[in-house]
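What follows is a single structure, written as structure tokens, with notes after it.
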Protein chains: 2
Amino acid sequence: MEKTKMDIGEAADLFKIMGDRSRLSMVAMMNRRECCVCDFTECFEMSQPAVSQHLKKLRGMGLIKERREGYWTYLSLNEESPFYDMIPELIAAIPGIEDHISSMTASCSRGDCC
Amino acid sequence: MEKTKMDIGEAADLFKIMGDRSRLSMVAMMNRRECCVCDFTECFEMSQPAVSQHLKKLRGMGLIKERREGYWTYLSLNEESPFYDMIPELIAAIPGIEDHISSMTASCSRGDCC
DNA sequence: TGACCATATAATCAAACTCTTATATAATTC
DNA sequence: GAATTATATAAGAGTTTGATTATATGGTCA
């Protein structure tokens with residue numbers, strides 16, 4: 001079955017969302033595995049509200065879903081999203097990104113976070 | 001040989017550039033074939049300076065090259081760009097984009113422009 | 001040379017973006 | 001219930017974006 005067509009404007013919105021270093025990194029990390037909000041604040045050395053506002057955008061597009069566990073909220077890519085199938089392809093198109101994500105998350109206290 | 005690694009920030013910049021409906025369409029059109037500036041103004045029903053400024057951004061990233069012929073300037077993707085290989089992959093990740101581009105350019109007077 | 005044409009640049013403005021600090025919310029543990 | 005913790009929201013400042021109108025540039029053709 002053919003994939004559902006996507007309006008160019010919608011696709012552009014997705015690119016725009018990913019057109020930010022922090023958000024692109026977040027998406028790439030979640031493309032590997034579920035992440036905790038605190039993983040982001042730590043890996044990016046970014047304030048908690050800043051992370052939260054990036055997440056709000058990702059959420060606003062329906063790109064991510066969340067799961068609560070104890071104190072933490074775990075985030076992952078939302079398989080219900082029309083963009084879900086595109087994301088691994090977009091990430092894979094970036095040469096060497098896996099190494100970048102690995103070294104970025106290596107410095108994270110929860111080293112195995114992503 | 002492995003492709004040159006790309007910084008996440010650079011990749012994000014590319015996404016950002018493509019995170020605009022007009023520019024994404026332009027890139028998708030040029031991914032098919034060389035285009036004239038006037039193709040864009042016509043296909044997008046957009047003013048000439050607006051198109052020109054989008055082109056300036058694409059040029060600023062080194063994403064496109066140009067060729068002069070008579071009155072017209074022809075634009076195409078620059079194979080010297082480190083992003084060159086990524087573009088077809090990014091475009092291909094958008095479901096149904098070819099149909100969208102086709103119908104967008106069909107209304108263009110120079111119907112075969114892309 | 002001079003008129004014409006495609007395209008680029010400048011100046012401007014409103015809207016959107018991204019960060020910061022301060023504060024609110026809501027689940028958890030004692 | 002009270003203290004604690006992770007996370008979200010609000011408000012505000014500074015920057016960037018993308019359009020518009022007006023003008024400049026530079027090749028082409030007669």
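Side chains included, hydrogens not; waters and symmetry mates left out as well; all remaining heavy atoms used. The sequence lines fix the lettering, A, B, ..., with proteins before strands; numbering per chain opens at 1.
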- Query: Reckon H54(A) has a side-chain N or O less than 4.0 Å from the OP1 or OP2 of dC17(C)?
  - Reply: no

- Query: Base, sugar-phosphate, or nothing for R59(B), non-hydrogen atoms under 4.0 angstrom?
  - Reply: sugar-phosphate

- Message: Which is more 5' along DNA chain C, the nucleotide nearest E69(A) or the one nearest S47(A)? Just name the residue.
- Response: S47(A)

- Message: Looking only at the side chain of Y71(B) (C-beta and beyond, no hydrogens), which of the listed nucleotides dC29(D), dA8(C), dC19(C) gets closest?
- Response: dC29(D)

- Task: Give one of base, sugar-phosphate or nothing for S52(B), where a contact means two heavy atoms less than 4.0 Å apart.
- Result: base

- Query: Nearest to the side chain of M46(B), which nucleotide is it out of dA19(D), dA27(C), dC29(D)?
  - Reply: dA19(D)

- Do any side-chain nitrogens or oxygens of K57(A) fall under 4.0 Å of OP1 or OP2 in dT18(C)? yes

- ring pair (Phe, Tyr, Trp, His ring centres under 6.0 Å) partners of F15(A), counting only residues at least two apart: F15(B)

- Once you round it to whole Å, what is the distance between P of dA8(C) and CZ of R68(B)? 8 Å

- Query: If you take atom types as modelled and just measure distance, does the side chain of Q48(B) reach the base of dT21(D) with a donor-acceptor pair under 3.5 Å?
  - Reply: no

- Query: Separation of D13(B) atom CG from dT16(D) atom P, in whole Å?
  - Reply: 13 Å

- Atom CG of D39(B) and atom P of dA6(C) are separated, to the nearest Å, by 12 Å

- Query: Can you check the I64(B) CD1 to dA8(C) P distance for me, whole Å?
  - Reply: 9 Å

- Message: How many whole angstroms separate atom OH of Y74(A) from atom C1' of dA6(D)?
- Response: 11 Å

- Message: With heavy-atom distances below 4.5 Å as the criterion, would you say the side chains of E66(A) and V37(A) are in contact?
- Response: no

- Test item: R23(A) side-chain N/O and I17(A) main-chain N/O as donor-acceptor pair under 3.5 Å: yes

- Comparing P49(A) and V37(B) on DNA chain C - which has the more 5′ nearest nucleotide: V37(B)

- Task: State whether the number of non-hydrogen atoms from other residues, nucleotides or ligands found under 6.0 Å of E79(B) atom CD is greater than 12.
- Result: yes

- Query: Where the side chain of S52(B) meets the backbone of Q48(B), is there a donor-acceptor pair that is under 3.5 Å apart?
  - Reply: no

- Message: For a quick check, tell me whether the side chain of Q53(B) and the base of dT20(D) share a donor-acceptor pair closer than 3.5 Å.
- Response: yes

- Task: Would you kindly give the NZ-to-C1' distance between K56(A) and dA24(C), to the nearest whole Å?
- Result: 13 Å

- Task: Grab the CG-P distance between D20(A) and dT16(D) for me, whole Å please.
- Result: 14 Å

- Query: For dT16(D), does OP1 or OP2 lie under 4.0 Å from any side-chain N or O of K16(B)?
  - Reply: no

- Note on the structure: All heavy atoms of C36(A) vs all of C38(A), minimum pair found to be SG-SG, 2.9 Å

- Tell me: CD of E66(A) to P of dA6(D), nearest whole Å? 17 Å

- Do the side-chain N or O atoms of R23(B) get closer than 4.0 angstrom to the phosphate oxygens (OP1, OP2) of dG18(D)? yes

- Task: Could you tell me whether the phosphate oxygens of dT18(C), OP1 or OP2, come under 4.0 Å of any side-chain nitrogen or oxygen in R21(A)?
- Result: no

- Would you say dA6(D) has OP1 or OP2 under 4.0 Å from some side-chain N or O of T73(A)? no

- Note on the structure: Per atom distances to the L55(A) side chain, the nearest of dT21(D), dA6(D), dA8(D) is dA8(D)

